[in-house]
Q: 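Supplied in structure tokens, the structure appears directly below.
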Amino acid sequence: MKLNRPRGTRDFTPAETEKRRYIENRMRGTAEHWGYEEVKTPTFEHTELFTIKSGEAILDELYTFKDKGGRDIALRPELTAPVLRMYVNEMSVSPKPIRLYYFENCFRYERPQKGRFREFWQFGVELIGSDSAQAEAEVIALAAAMVSDTGIEANLHIGHLGVVRGLLHGLDAQMQAEAMRLMDKKDVDGLRMLLSDQPGLRDRLPALLDADIDEARSITDDAQPLEELQATLTLLDHYGIRYEVDFGIVRGLDYYTGMVFEMYAAGLGAQNQICGGGTYRLAQLFGGSETPSCGFGIGFDRVLEVCGIEPPHAPRVVVVYLPDVTEDAIRVSRRLRDDAGVRTTIDISGRKFGQQLKHADAIGADYAVIVGAKEVEAGMVTLRDMHTGGQEMIGLDDAVLRIMGDREGEDHPASHDESAFLDLP
RNA sequence: GCUGGGGUAGGGUAGCUGGUCAUCCUAUGGGACUGUGGAUCCCACGACCCGGGUUCAAAUCCCGGCCCCGGCCCCA
């Protein structure tokens with residue numbers, strides 16, 4: 001009986017993996033240019049870490065189990081909590097602010113659909129130790145840069161939880177939660193109905209959904225959140241980032257303290273959000289001292305689904321040889337790998353000459369380097385361009401140069417990206 | 001959790017008002033072809049999602065499950 005992979009998981013073929021690696025490394029490169037350093041945390045944590053952060057309700061969506069020592073363990077559903085836990089455990093005395101990024105798989109037990117899987121990958125950033133306007137603007141600008149680096153046009157919406165929270169202050173907790181939910185859904189009618197006996201709010205809250213920052217001033221009495229937001233937005237203008245003010249972004253969780261933002265891309269159906277973040281305080285929940293922070297997460301799988309970027313083509317070379325010169329052929333393949341640094345394969349199946357070429361074609365080789373008695377005698381190789389069919393007997397050094405020149409002539413981005421790409425294990 | 005559509009070789013499909021050996025294309029391996037690929041021909045390989053029911057007979061009809069693709073809910 002054939003076994004299939006578990007629901008909501010995926011296999012990635014070589015072509016898909018290559019593309020994922022390439023995009024991943026571009027994003028990595030951007031984060032590093034902004035001075036962020038990569039961290040890794042465990043794939044599983046104590047379940048408590050996530051329930052402390054997000055409440056017991058998330059247990060339904062967690063992969064949990066008891067380990068052999070009876071501990072309650074959960075596969076990580078996200079990385080902000082693990083990274084902040086790590087900060088409290090390992091880095092709380094590091095000089096602030098601390099700039100961290102991560103790229104990891106996460107697990108959520110949810111119904112799979114477009115852009116939603118049970119194992120998915122998140123790229124994220126946490127700027128720990130500051131919630132200044134400068135910090136917020138940097139984090140948002142970095143998110144925008146990462147997304148646009150992948151060739152995606154996304155809409156950036158920025159809001160501030162202080163405004164809604166200030167307005168809802170007098171209501172009981174359940175009403176507040178419901179109002180927040182309706183704000184998030186932009187459900188004007190629902191809001192009016194919910195707040196029908198709250199004349200002070202019934203119109204102001206729905207009005208906030210469409211308000212820009214000036215209009216918001218007339219809706220709320222509390223000027224402070226708006227000033228904070230204005231300071232951040234002013235800096236973002238200097239970063240050259242385009243955004244939309246949206247007080248309907250509520251990101252319901254208690255630990256968000258102020259600015260919140262989301263990015264949306266077309267072409268993803270119901271799961272159109274590719275990035276979400278904001279300013280929060282979590283460290284004290286995990287036993288650290290109160291530490292303002294901000295960060296965001298990018299849904300890597302959704303990015304891949306809409307981004308138009310393809311990895312640069314790296315030439316493929318096949319050494320085609322006759323059985324009586326196997327040793328020479330192996331020597332040639334070593335030179336191609338070591339000196340030219342191109343991906344080089346050589347027949348291991350005992351195929352006949354014609355079939356070796358046929359196979360080279362089938363796997364999409366760009367060049368065949370032909371080694372036979374003639375070549376060995378002349379101390380040369382025959383370099384065949386598999387695309388044009390043209391071929392020429394030349395010295396191995398020339399062949400190496402020719403192939404390397406091809407690689408450098410390809411249309412692909414700046415060298416740092418390429419070297420990062422090639423340095424992968 | 002709710003809901004619509006769907007599961008036939010590795011991929012794509014025909015058959016699906018029950019009845020020869022389940023069709024065709026493609027991919028893969030080999031041969032025709034012992035120094036020149038993409039063509040052609042031949043051979044090989046390989047499937048009815050799982051379980052139960054109805055029936056002399058089930059890929060086909062019925063029930064349940066699993067899975068896939070969407071939508072809702074949720075979304076740290």
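Since we're looking at a predicted model, the values are computed, not measured.
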Q: I want to check one thing: is the phosphate of B:C74, taken as OP1 and OP2, less than 4.0 Å away from some side-chain N or O of A:Arg181?
A: yes

Q: Give the rounded distance in Å between these two atoms: CZ of A:Phe123 and P of B:A76.
A: 20 Å

Q: Can you confirm whether or not the ring centre of A:His157 sits under 6.0 Å from the ring centre of A:Tyr264?
A: yes

Q: Heavy atoms under 4.0 Å is the rule here; annotate nucleotides 25-32 of chain B 5' to 3' with B where the base is hit, S where only the sugar-phosphate is, and - elsewhere.
A: ----SSSS

Q: Any side-chain heavy atom of A:Glu24 within less than 4.5 Å of one from A:Phe300?
A: yes

Q: Does A:Arg76 make a cation-pi contact with A:Phe107 (under 6.0 Å, within 45 degrees of the axis)?
A: no

Q: Where the side chain of A:Arg108 is defined as all heavy atoms beyond and including C-beta, which of B:C69, B:C75, B:G35 is the nearest nucleotide?
A: B:C75

Q: What pattern of brackets, bars and dots sums up RNA chain B from 5' to 3', given Watson-Crick or G-U wobble pairs under 3.5 Å, [ ] for crossing pairs and | for another strand?
A: (((((((..(((......[....))).(((((.......)))))....(((((..]....))))))))))))....

Q: Indicate yes or no: at least one non-hydrogen side-chain atom of A:Gln356 is less than 4.5 angstrom from one of A:Val318.
A: no

Q: Closer than 4.0 angstrom, basic N to acidic O: yes or no for A:Glu18 and A:Arg343?
A: yes

Q: Can you tell which of B:A76, B:U36, B:G35 lies closest to the side chain of A:Ile58?
A: B:A76

Q: If you look at every strand shown and take non-hydrogen atoms under 4.0 Å, does A:Gln356 touch a base, only sugar-phosphate, or nothing?
A: nothing

Q: Taking B:G7 as the reference, what is the distance to B:A59 when you measure between their P atoms (whole Å, please)?
A: 16 Å

Q: On a whole-Å scale, what distance lies between the P atoms belonging to B:C75 and B:G65?
A: 28 Å

Q: Considering only heavy atoms and no angle criterion, is a donor-acceptor pair shorter than 3.5 Å present between the side chain of A:Arg384 and the base of B:G37?
A: yes

Q: Give A:Gly8 one of three labels, base, sugar-phosphate or nothing, depending on what nucleic acid heavy atoms sit under 4.0 Å from its own.
A: sugar-phosphate

Q: With rounding to the closest Å, how many angstrom separate the P atoms on B:G30 and B:G12?
A: 25 Å

Q: Round to a whole Å and report the spacing from OH of A:Tyr255 to C1' of B:C75.
A: 11 Å

Q: Stepwise, does the side chain to side chain contact (heavy atoms under 4.5 Å, CB included) test hold for A:Phe247 with A:Leu209?
A: CA-CA 6 Å; A:Phe247 293 102; A:Leu209 283 175; over 6 Å; no

Q: With heavy-atom distances below 4.5 Å as the criterion, would you say the side chains of A:Thr326 and A:Tyr321 are in contact?
A: yes

Q: Counting C-beta onward and ignoring hydrogens, is there a side-chain heavy-atom pair between A:Ile158 and A:Ile249 closer than 4.5 Å?
A: no

Q: Between B:G1 and B:A44, how far apart are the two C1' atoms, rounded to whole Å?
A: 50 Å

Q: In this structure, how many angstroms lie between the C1' atom of B:G1 and the CZ atom of A:Arg118, rounded?
A: 12 Å

Q: Work out how far the C1' atom of B:G11 is from that of B:G53, and round it to whole angstrom.
A: 34 Å

Q: With a non-hydrogen cut-off below 4.0 angstrom, is A:Gly55 in contact with a base, only sugar-phosphate, or nothing?
A: nothing

Q: Could you work out the separation of B:G37 and B:C49 based on their C1' atoms and round it to a whole Å?
A: 40 Å

Q: Looking across every strand, which nucleic acid part, if any, lies under 4.0 Å from A:Phe50 by heavy atom: base, sugar-phosphate, or nothing?
A: nothing

Q: Counting heavy atoms from C-beta on, name the nucleotide in B:U36, B:G70, B:A76 closest to the side chain of A:Ser54.
A: B:A76

Q: Using the P atom as the reference point in each nucleotide, state the distance between B:G29 and B:U23 in Å, no decimals.
A: 24 Å

Q: Measure the distance from CG on A:Asp301 to C1' on B:C75 and round it to the nearest whole Å.
A: 15 Å

Q: Between B:A58 and B:G18, how far is it from one P atom to the other, in whole Å?
A: 13 Å

Q: Less than 6.0 angstrom from the centroid, inside 45 degrees of the normal: does A:Arg108 satisfy that with respect to the ring of A:Tyr63?
A: no

Q: Quickly work out the A:Phe353 CZ to B:U34 P distance and round it to whole Å.
A: 13 Å

Q: Cation-pi check, A:Arg20 to A:Trp121: give yes when NZ or CZ is under 6.0 Å from the six-membered ring centre and within 45° of the ring axis, no otherwise.
A: yes

Q: Rounded to whole angstrom units, what separation is found between the CZ atom of A:Arg111 and the P atom of B:C2?
A: 9 Å

Q: Which part of the nucleic acid does A:Glu375 contact within heavy-atom distance under 4.0 Å: base, sugar-phosphate only, or nothing?
A: base

Q: CG of A:Leu383 to CE of A:Met393: how many Å apart, nearest 0.5 Å?
A: 12.5 Å

Q: Rounding to an integer number of Å, can you tell me how far A:Arg5 CZ sits from B:C67 C1'?
A: 10 Å

Q: Would you mind classifying the nucleic acid contact of A:Ala365 as base, sugar-phosphate or nothing, using non-hydrogen atoms under 4.0 angstrom?
A: nothing

Q: Only one of A:Phe123, A:Phe296, A:Tyr36 passes ring-ring contact (aromatic ring centres under 6.0 Å, His included) with A:Tyr101; say which it is.
A: A:Phe123

Q: Quick check on B:G70: is either OP1 or OP2 less than 4.0 Å from any side-chain nitrogen or oxygen of A:Gln113?
A: no

Q: Determine: side-chain N/O of A:Arg7 to OP1/OP2 of B:C68, distance under 4.0 Å, yes or no.
A: yes

Q: For A:Asp324 and B:U34, what is the distance between atoms CG and P respectively, to the nearest whole Å?
A: 15 Å

